[in-house]
Amino acid sequence: MEDKQFELRKSKLEELRAMGIDPYANGFTPENNAGELISLYVSKSPEELEEMEQSFSLAGRIVSKRDFGKSAFFHLSERTGRIQGFVQKNSVSEETFTLFRKFLDVGDFAGIRGELFKTRTGELTVRVLELFFLTKALRPLPEKWHGLQDVETRYRQRYLDLIANERTREIFKTRSKVINLIRRFLDERDFLEVETPVLHPIAGGATAKPFVTHHNALDMDLYLRIAPELYLKRLVVGGLERVYELGRTFRNEGVSTKHNPEFTMIEFYQAYATYEDLMNLIEDLVCCVVENTAGEMQVEYEDKKIDFKRPWKRINIYDALREKFGSEITEDDQFLFTKADSMGITHNGIRGKALTEIFEALFEDSLLNPAFVYGFPLDVSPLARKNDNDPEVVDRFELYICGREIANAFSELNDPIDQKKRFADQAEMKKKGEDEYHEMDNDYVSALEYGMPPTAGAGIGIDRLVMLLTNSSSIREVIFFPHLRP
RNA sequence: GAGCCGUUAGCUCAGCUGGUAGAGCAACUGCCUUUUAAGCAGUGGGUCACAGGUUCGAAUCCUGUACGGCUCACCA
């Protein structure tokens with residue numbers, strides 16, 4: 001049997017139609033909003049409000065009702081906040097009063113017109129003079145005090161989560177704000193926002209497994225992008241010296257509290273800059289975002305306190321490892337691989353992989369406050385420029401906050417011959433079973449052959465940044481519709 | 001992919017070592033013209049995730065499946 005509350009609300013809807021009232025009426029345009037009325041009039045005295053004789057109109061969802069028989073209170077919720085309304089038998093027509101009492105349920109949308117007054121308890125309230133039925137909700141809202149708790153329902157029916165839980169609304173407001181701040185920050189510095197393909201013939205720009213899709217007319221497989229990097233750098237070749245793209249990226253990997261198959265990343269590229277310039281830029285950018293969302297330079301995350309105070313620590317991977325194990329770790333392959341094996345690290349004989357994995361295993365968790373980790377080995381950085389002093393490492397860094405990688409950046413490799421060789425080396429590894437390694441991208445190499453100015457670029461994981469700023473322990477809390485099994 | 005935990009009314013949750021289902025909110029019917037978790041009296045509402053099994057008897061024990069959560073693995 002169909003649910004009773006649903007059937008009842010449906011029959012109310014039919015009755016409304018029979019009475020000539022459209023339960024999904026259009027055309028009511030509110031002239032005011034709750035936030036505005038509260039900020040303008042909350043401090044007025046009851047007498048001042050009484051004298052005003054001004055009428056206001058609002059529209060929103062009815063989120064609570066307290067019925068006294070001949071009068072009733074309710075709360076109306078909309079974009080700017082919520083405000084209390086009061087319906088009195090004497091102040092409205094018979095029809096309106098019945099409409100409110102018998103037909104308007106919690107969850108429905110209504111428009112109201114009325115005047116402001118203060119209740120005995122001092123709450124600013126709209127005395128309803130006219131009521132407009134806007135939308136019938138056929139299903140009841142989640143419970144009023146506990147809200148919606150069930151995690152699965154919160155993710156699958158995010159609209160209910162947003163209706164019921166203030167915190168969820170705040171998280172997503174912060175998310176929007178973060179994105180907006182980043183755009184403004186880069187726009188002010190003369191970066192150009194661009195859009196590059198999501199469908200790639202070759203999945204490049206990162207070390208990750210791609211989603212595969214198929215173009216029917218061309219009868220060819222295409223990959224959802226794992227990074228926009230190689231296209232953005234083609235634009236730098238084209239003379240767009242400062243570009244950024246903020247958008248969705250897809251990686252066909254495991255799902256966890258820190259991984260969603262589609263996630264939001266910003267990448268930006270600046271010609272005539274080095275990775276060190278980008279450390280400073282990212283410090284500026286993240287601090288700007290933190291200051292304008294948290295309001296201070298410290299952020300509570302889980303049981304920790306993250307301090308964004310500058311300057312941020314800069315840690316060299318090789319130095320850190322030598323300090324821990326002595327110089328053998330970087331000079332003696334035997335020592336390195338034995339160490340890696342003893343720590344249960346899979347490296348497949350790739351030096352750089354062993355080094356970075358050992359570093360991560362040992363130091364990642366200790367990097368609470370923002371820290372730039374640099375000195376990455378060349379063989380795990382096929383798109384980064386070689387360091388001028390040490391050809392085994394590249395001019396690359398990662399930003400860690402709270403033990404998590406938030407950003408990755410480097411001076412770009414703009415030597416086409418070196419790039420071609422790096423791709424070839426990667427393709428060689430790929431053959432050996434490292435299937436997430438790059439394949440040869442001749443089209444990109446030929447772009448470099450036309451000359452890319454010295455450039456540095458960075459990618460920042462927006463979801464992870466928002467997690468830190470909203471004290472969210474799972475990436476699913478900061479993505480409206482996270483990936484779940486259907 | 002592995003381990004652990006969970007799934008009971010629209011929502012939030014109880015339900016003990018097995019005896020056939022309970023509360024609050026929501027809903028419904030009354031009463032109530034300043035409440036805000038309004039109040040009072042009454043009523044209805046369940047394929048206990050699904051499928052098997054054990055048992056005289058299963059929400060409860062066992063097995064499997066689905067979905068979810070956490071941890072680990074994988075992974076920028």
Side-chain angles (χ1 to χ4, degrees), chain A residues 1-9 11-12 46 63-75 82-92 97 101-102 105-107 117-125 127 137-157 160-161 163-165 205-209 226-227 229 249 251-261 263 265 344-346 353 356-357 360 364 373 376 380-381 396-400 404-409 434-436 459-461 463-464 473-474 476-477 482-486:
Chain A
M1 187 188 89
E2 197 61 53
D3 160 38
K4 259 193 165 170
Q5 293 194 42
F6 181 77
E7 287 303 324
L8 193 82
R9 283 171 176 240
S11 66
K12 286 184 183 177
V63 292
S64 67
K65 253 181 117 173
R66 293 173 292 282
D67 189 337
F68 291 85
K70 295 198 176 60
S71 71
F73 287 95
F74 61 93
H75 271 99
R82 56 181 59 191
I83 192 164
Q84 182 166 254
F86 184 51
V87 180
Q88 252 179 147
K89 199 170 166 40
N90 297 345
S91 322
V92 294
F97 195 67
R101 280 203 75 202
K102 302 289 177 197
D105 292 312
V106 171
F117 75 105
K118 284 228 172 133
T119 62
R120 276 178 202 164
T121 53
E123 180 165 348
L124 187 71
T125 302
R127 179 180 287 109
L138 294 177
R139 301 205 183 268
L141 259 32
E143 212 239 15
K144 60 183 173 189
W145 359 308
H146 301 95
L148 181 67
Q149 301 293 322
D150 184 79
V151 178
E152 191 172 348
T153 311
R154 288 186 47 235
Y155 295 160
R156 287 191 195 277
Q157 294 174 273
L160 293 179
D161 189 27
I163 293 167
N165 298 321
T207 312
K209 294 186 196 89
I226 55 174
E229 174 155 356
T249 297
R251 294 186 187 176
N252 204 341
E253 315 271 4
V255 176
S256 80
T257 50
K258 296 176 192 67
H259 301 262
N260 198 63
F263 61 100
M265 180 159 84
I345 285 165
T346 49
K353 198 164 173 175
T356 47
E357 299 267 328
E360 282 178 24
E364 205 174 64
V373 171
F376 278 82
V380 293
S381 316
R396 170 182 172 193
F397 70 87
E398 290 187 347
L399 170 64
Y400 276 85
R404 296 169 190 189
E405 186 205 326
I406 299 295
N408 178 26
E434 298 284 329
D435 57 355
E436 71 273 17
I460 301 176
D463 311 276
R464 290 179 180 184
S473 55
S474 169
R476 296 179 201 107
E477 295 293 336
H483 184 262
L484 298 175
R485 284 172 210 268

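Keep in mind it's a predicted model, so treat the numbers as computed, not measured. For the numbers below, each heavy atom of this structure counts, side chains included, while hydrogens, waters and symmetry mates do not. A note on names: the letters A, B, ... follow the listed sequences, proteins ahead of strands, and every chain is numbered from 1.
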Legend entry - Heavy-atom side-chain contact between A/Arg101 and A/Lys89 under 4.5 Å: no

Inset, instruction - Please check the phosphate of B/C70 (OP1 and OP2 only) for any side-chain N or O of A/Arg476 closer than 4.0 Å. - result: yes

Inset, instruction - Provide the distance between the two P atoms, one in B/U20 and one in B/C48, to the nearest whole Å. - result: 15 Å

Legend entry - Nearest-Å distance for atom pair CZ/P, residues A/Phe73 and B/U33: 12 Å

Inset, instruction - Measure from CD on A/Gln88 to P on B/C32 and round the result to the nearest Å. - result: 15 Å

Legend entry - Distance, rounded to the nearest Å, where A/Lys70 contributes NZ and B/C32 contributes P: 4 Å

Legend entry - For atom CZ of A/Arg154 and atom P of B/C11, their distance in whole Å: 15 Å

Inset, instruction - Report the nucleotide, chosen from B/C13, B/C32, B/G69, that has the shortest atom-to-atom distance to any side-chain atom of A/Gln149. - result: B/C13

Legend entry - Lys/Arg cation over aromatic A/Phe86: A/Arg127, 6.0 Å, 45° cone: no

Inset, instruction - Take atom P in B/G24 and the same atom in B/G44, then report the distance between them in whole Å. - result: 14 Å

Legend entry - salt_bridge(A/Glu152, A/Arg156) N-O dist < 4.0 Å: yes

Inset, instruction - Could you check whether the rings of A/Phe68 and A/Phe73 sit parallel, tilted or perpendicular, using 30° and 60° as the cut-offs? - result: perpendicular

Inset, instruction - Using only side-chain N and O atoms of A/Arg156, determine if any of them is under 4.0 Å from OP1 or OP2 of B/G68. - result: yes

Inset, instruction - Starting at atom NZ of A/Lys89, determine the distance to atom P of B/C31, rounded to an integer number of angstrom. - result: 12 Å

Inset, instruction - Consider the side chain of A/Asp3, meaning its heavy atoms from C-beta on, and name the nucleotide among B/C70, B/C32, B/G10 that approaches it most closely. - result: B/G10

Legend entry - Spacing between A/Lys258 atom NZ and B/C72 atom C1', to the nearest angstrom: 11 Å

Inset, instruction - Specify the separation, in whole Å, of atom CG of A/Leu160 and atom P of B/U12. - result: 10 Å

Legend entry - Nucleotide forming a Watson-Crick or wobble pair with B/G39, both distances under 3.5 Å: B/C31

Legend entry - 5′-ward residue of the pair A/Ala407/A/Phe74 relative to RNA chain B: A/Phe74

Legend entry - Check: B/U34 base within 3.5 Å donor-acceptor of A/Arg120 side chain: no

Legend entry - Base-pairing mate for B/U20 - Watson-Crick or G-U, with both contacts under 3.5 Å: none

Legend entry - Whole-Å C1' distance, B/G45 and B/U35: 28 Å

Legend entry - Polar pair under 3.5 Å, donor/acceptor by atom type, side chain A/Thr119, base B/U35: yes

Legend entry - Candidate pair A/Gln149 and A/His146, rule side chain to side chain donor-acceptor pair (under 3.5 Å), full reasoning: CA-CA 7 Å; A/Gln149 301 293 322; A/His146 301 95; over 6 Å; no

Legend entry - Side-chain (A/Arg251) to main-chain (A/Ile226) donor-acceptor, under 3.5 angstrom: yes

Legend entry - Touch class at under 4.0 angstrom, heavy-atom based, for A/Gly459 against every strand present: nothing

Inset, instruction - Counting heavy atoms from C-beta on, name the nucleotide in B/U34, B/C67, B/U35 closest to the side chain of A/Arg485. - result: B/C67

Legend entry - Distance below 4.0 Å between A/Arg66 side-chain N/O and B/A38 OP1 or OP2: yes

Legend entry - Pair of N/O donor and acceptor under 3.5 Å linking B/U7 base with A/Asp150 side chain: no

Legend entry - Pairing partner (Watson-Crick or G-U wobble, both distances under 3.5 angstrom) of B/A26: none

When you compare the protein's N or O atoms with those of nucleotides 21-30 of chain B, which come within less than 3.5 Å of each other, and at what distance?
unit_1	atom_1	unit_2	atom_2	d
B/G24	N2	A/Glu143	OE2	3.1
B/C25	O3'	A/Lys144	NZ	3.4
B/A26	OP1	A/Lys144	NZ	2.8
B/A26	N3	A/Gln5	NE2	3.0
B/C28	OP1	A/Lys12	NZ	3.2

Legend entry - Heavy-atom check, side chain of A/His259 versus side chain of A/His483, under 4.5 Å: no

Inset, instruction - Would you mind telling me which residue lines up with the more 5' stretch of RNA chain B, A/Ala206 or A/Thr257, judged by nearest nucleotide? - result: A/Thr257

Legend entry - Assigned partner base of B/G44, Watson-Crick or wobble definition, under 3.5 Å: none

Legend entry - Of the listed nucleotides B/U12, B/U35, B/G69, the one nearest the side chain of A/Tyr155: B/G69

Legend entry - Euclidean distance for P, B/G69 against B/U8 (whole angstrom): 15 Å

Legend entry - Watson-Crick or G-U wobble mate for B/A51, both contacts under 3.5 Å: B/U63

Legend entry - Counterpart base for B/G1, defined by Watson-Crick or G-U wobble contacts under 3.5 Å: B/C72

Inset, instruction - Flag the pair A/Lys12 / A/Lys102 as yes when at least one side-chain heavy-atom distance between them is below 4.5 Å, and no otherwise. - result: no

Inset, instruction - Scan A/Glu360 against the nucleic acid and name what it touches under 4.0 Å (heavy atoms): base, sugar-phosphate only, or nothing. - result: nothing

Legend entry - Nearest-angstrom distance from the residue atom CD of A/Glu253 to C1' of B/G1: 14 Å

Inset, instruction - Look through every strand shown and name the nucleotide pairing with B/A9 as Watson-Crick or G-U wobble, where both distances are under 3.5 Å. - result: none

Legend entry - Selected nucleotide, minimal atom distance to A/Glu436 side chain, candidates B/C75, B/C11, B/U34: B/C75

Inset, instruction - Assess whether one donor atom and one acceptor atom, taken from the side chain of A/Glu152 and the base of B/U7, lie less than 3.5 Å apart. - result: no

